[in-house]
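When a residue number appears, it is its place in the shown sequence, counting from 1.
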Amino acid sequence: YRQHHQQHHERNIRSIGFVADERRLNVALTRARKALVIVGSRSTLEQDSLWGNLLGSLDQRQLISSEDELTTVSSRRVYN
């Protein structure tokens with residue numbers, strides 16, 4: 001099992017780069033104080049099982065916004 005998991009993890013690292021590292025994801029999720037914004041290609045991130053599970057969970061809680069939704073929100077902001 002361990003060897004299979006390691007091979008799977010190595011394939012994911014090659015496909016999505018350093019963001020496939022569980023430790024980096026753990027730090028990003030646990031160190032955020034007020035908010036966490038993830039910008040990336042969903043279809044690419046979902047290639048990794050860990051990211052796929054995270055995105056699925058965020059989707060179920062309706063915490064994912066599309067590019068169109070973000071553009072609409074940012075165009076309404078008024079800066080002083």
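Each of Leu25 and Val37 belongs to its own hydrophobic cluster when Ile, Leu, Val, Met, Phe, Trp and Tyr are linked at side-chain heavy-atom distances under 4.5 angstrom.
Among Ile38, Leu50, Leu45, the single residue meeting the side-chain contact (heavy atoms from CB on, under 4.5 Å) criterion with Leu55 is Leu45.
Atom CG of Asp48 is separated from atom CD of Glu22 by 8.0 Å, given to the nearest 0.5 angstrom. Taken to the nearest 0.5 Å, the CG atom of Leu54 stands 10.5 Å off from the CD atom of Glu46.
With side-chain heavy atoms closer than 4.5 Å counting as contact, directly or through intermediates, Val27 stands alone and belongs to no larger hydrophobic cluster.
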